[in-house]
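First up is the structure itself, then whatever we jot down about it.
Chain letters run A, B, ... following the sequence lines, proteins first and then strands; every chain starts at 1.
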Amino acid sequence: MLLQSQSHSLRHITTAHLAQTMTLLEMTTAELRQKIEKDLASNPALELLEERRCPTCKRRLAGGSTCPFCSRPNSASPDEPIVFVSPREDFHTSSGGYENEIPDEIQASAIEDLPHYVLRQVAPELKPQDRAIAAHILTNLDEDGLLAIPVIEIARYHHVLLSRVEEVLYLIRRADPIGVASSSPQEALLVQLDVLSESHPIPPKTAEAIQKGMNLLSRRRYTDLARLLGISTSDTHRIAAFITKNLNPFPARSHWGDITSSNDGGSQAENSYHYPDVIISKSGEADSSPLIVEIAMPISGTLRVNPLFKEAFQQVSTEKTDQWKSDLDQANLLVKCIQQRNHTMVRLMQRLTVLQREYILHGEAHLQPITRASLSVELQVHESTISRAVSSKAVQLPNGHIVPMAIFFDRSLHIRTALKQIIEQEPHPLSDTEIGERLAEQGFPVARRTVAKYRSMEGILPAHLRKPANHSIPQFAVDAI
DNA sequence: CTATGGCACGGATT
DNA sequence: AATCCGTGCCATAG
């Protein structure tokens, strides 16, 4: 009986192991963090060891004992990136966050943080009695500049009408990171759109697309979206291009490469999918200096199975063992799967950074068209593993841009950038056929019809509508190269 | 008649 | 098995 149940549970573990490895791999770092926190709270067999810091640079350390920043091997071959797993907290500053820590007093006075920056802008227009409300709002922003608490809560706390809070919010949302303190990415987009519409032309139905089709939009279901709005798919592409070019769903982040691909069924898809799961930085200024790749860990400290619990389990009477055993199994499983997840991510990124080094350093034009399938044979894993590891994850590049990891596998992006260049440079509006010829000269043989598709993807109007050197869409957030 | 967009089909990808 | 992407054919606008 005992043997039987044991073998049964073992088999159960291995199949569950597979299933969980896959789901963990699909998860964003932020999602994984939520799961771990939940498990930690509910499962006594799990234990979170205190974080360790590197003695010299004070940086938090993950599982390993050597700090990759301090003992950075400068002599490493430039082609081989340095890849390591790093706890999450180190990433809150999206760019330039790797300097040594600054003492608190200096930081407070020298570097103005987002809440103060916004407050200074709105202060003149703010009624004195609303200052407390504004402060309340601004102290409850998350790292993306979105409002982390419900508006009604603020009203209740200050014993004022909802409308008064809304008034304050209206002011704040129009301050510099436009859309700051919105309660969702969707709302942030709408505010930005509204502000932008005062000075620039907006493609028709854009607001409607955001309002009604936000989840279709973020999952790039353009055909479905077109049907929903009753417009053509190319108009939809134009809208999507306009949004990614000019709007930013996370006001506190200066750059947003592209709307990431889907996340899940849509239950709580908005709050976390943009967070970079991998950060790539340069170890030096030179082109030849090796890249540093950090896989963001969902938590700081070391997660492990509590050894005391394991001991106690041996001694406890058979009464409660069932519950304990399942807890123990669960804990083991989780730890193991997380290790496996990290391992997969490290290997994946290692290979990716080698293959796409040119793109990472020099931009979209140098993107190599590679497929997930080709990587899967190199890494000796199943294709679906790569798919899962890549889907719904974001990567931060050395230039600060955050792009979906899927961009590394985009087969047409380099052609599209070539197309953009051609259109920018040529003085006389080229027809699609002519553009196709130019592209073929550069080594990209594409059909005329495809040129049209790429064009509309980039939000570029057809030849007869872009008369003399008039570039289609107003540049709002110009990305510096 | 030319330039484009829509629709649909087949192959690749997930 | 479902979905995405490049392409060809046809209709329509200029």
Side-chain angles (χ1 to χ4, degrees), chain A residues 18-19 21-23 25-28 203-205 213 215-242 258-266 273 344 348 352 355 367-379 381-393 404-419 422-423 426 428-440 442-467 472:
Chain A
L18 282 177
T21 312
M22 296 201 302
T23 49
L25 199 53
E26 290 186 324
M27 277 193 230
T28 306
K205 297 240 184 190
N215 60 340
L216 291 178
L217 202 57
S218 55
R219 302 159 84 194
R220 302 185 181 187
R221 310 278 304 244
Y222 296 141
T223 31
D224 293 343
L225 184 59
R227 202 174 310 132
L228 178 72
L229 299 175
I231 58 176
S232 72
T233 42
S234 60
D235 281 345
T236 315
H237 278 128
R238 200 163 294 140
I239 288 175
F242 177 86
D258 209 343
I259 294 184
T260 45
S261 44
S262 75
N263 185 332
D264 65 336
Y273 59 76
T344 310
L348 172 66
L352 264 185
L355 289 173
L367 195 67
Q368 295 290 322
I370 56 177
T371 72
R372 294 162 170 82
S374 68
L375 257 193
S376 75
V377 298
E378 284 190 47
L379 297 182
V381 295
H382 199 276
E383 324 173 347
S384 72
T385 309
I386 307 276
S387 276
R388 289 173 189 283
V390 164
S391 70
S392 79
K393 297 221 171 51
M405 196 184 286
I407 210 173
F408 288 112
F409 299 94
D410 194 316
R411 280 165 302 164
S412 62
L413 190 60
H414 63 297
I415 305 186
R416 295 209 299 273
T417 57
L419 177 142
I422 290 176
I423 290 182
E426 292 300 8
H428 143 75
L430 296 165
S431 76
D432 286 349
T433 325
E434 290 169 310
I435 296 174
E437 287 165 8
R438 303 289 194 287
L439 281 175
Q442 295 186 24
F444 307 125
V446 284
R448 183 232 104 219
R449 191 63 191 79
T450 310
V451 174
K453 286 265 161 99
Y454 288 169
R455 200 170 40 67
S456 76
M457 277 189 203
E458 296 299 330
I460 300 170
L461 294 166
H464 57 279
L465 287 180
R466 50 179 152 89
K467 283 284 164 62
S472 52

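- Within the 4.0 angstrom heavy-atom criterion, no nucleotide atom of any strand lies near A:Ser384.
- Scanning for side-chain contact (heavy atoms from CB on, under 4.5 Å) contacts around A:Thr385 gives A:Leu25, A:Thr344, A:Val381, A:His382, with sequence neighbours left out.
- The OH-C1' distance, from A:Tyr222 to C:dT3, rounds to 15 Å in whole Å.
- Close to B:dG6, at under 4.0 Å from its OP1 or OP2, lies a side-chain N or O of A:Ser232.
- With sequence neighbours left out, the side-chain contact (heavy atoms from CB on, under 4.5 Å) criterion links A:Ala447 to A:Thr450.
- In this structure, A:Thr433 and A:Thr233 both approach DNA chain B, and ranking their closest nucleotides by distance from the 5' end singles out A:Thr433.
- Within the 4.5 Å cutoff, no side-chain heavy atoms of A:Ile415 are placed close to those of A:Gln442.
- Separating the CG atom of A:Asp224 from the C1' atom of C:dC4 is a distance of 12 Å, rounded to the nearest angstrom.
- Following rounding to the nearest Å, A:Leu225 (CG) and C:dC4 (P) show an atom-to-atom distance of 13 Å.
- Every side-chain hydrogen bond (donor to acceptor under 3.5 Å, both in side chains) that A:Arg221 has, sequence neighbours left out, goes to A:Asp224.
- Going from atom CG of A:Leu375 over to atom P of B:dA12 covers 19 Å, rounded to whole Å.
- Remark: A:Lys205 does not engage A:Asp235 in a salt bridge, criterion side-chain N to carboxylate O under 4.0 Å.
- Nucleic acid contact for A:Ser456: none, since no nucleic acid atom lies under 4.0 Å from a heavy atom of the residue.
- Regarding A:Phe409, its CZ atom lies at a distance of 18 Å from the C1' atom of C:dT3, rounded to whole Å.
- If you take CG of A:Leu216 and P of C:dC4, they are 11 Å apart, rounded to a whole angstrom.
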Self-check item: Contact pattern, 5' to 3', of nucleotides 5-14 of chain C - B, S or - by protein heavy atom under 4.0 Å
Solution: SSBBB-----
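- Between A:Ser234 and B:dG6 there is a side-chain N or O to OP1 or OP2 distance below 4.0 Å.
- Taking the side-chain contact (heavy atoms from CB on, under 4.5 Å) definition, one finds that A:Asp410 meets it with A:Leu367, A:Ser412, A:Leu413, A:Arg416, sequence neighbours left out.
- A search for side-chain contact (heavy atoms from CB on, under 4.5 Å) contacts involving A:Leu355 returns A:Arg351, A:Ile370, A:Leu375, A:Glu378, not counting sequence neighbours.
- Residues A:Glu383 and A:Ala452 both approach DNA chain B. Their nearest nucleotides, taken by heavy-atom distance, put A:Ala452 toward the 5′ side.
- If you measure from atom CG of A:Leu430 to atom P of B:dT2, you get 18 Å, rounded to the nearest angstrom.
- Atom CD1 in A:Ile370 sits roughly 16 Å away from atom C1' in B:dA12 (whole-Å rounding).
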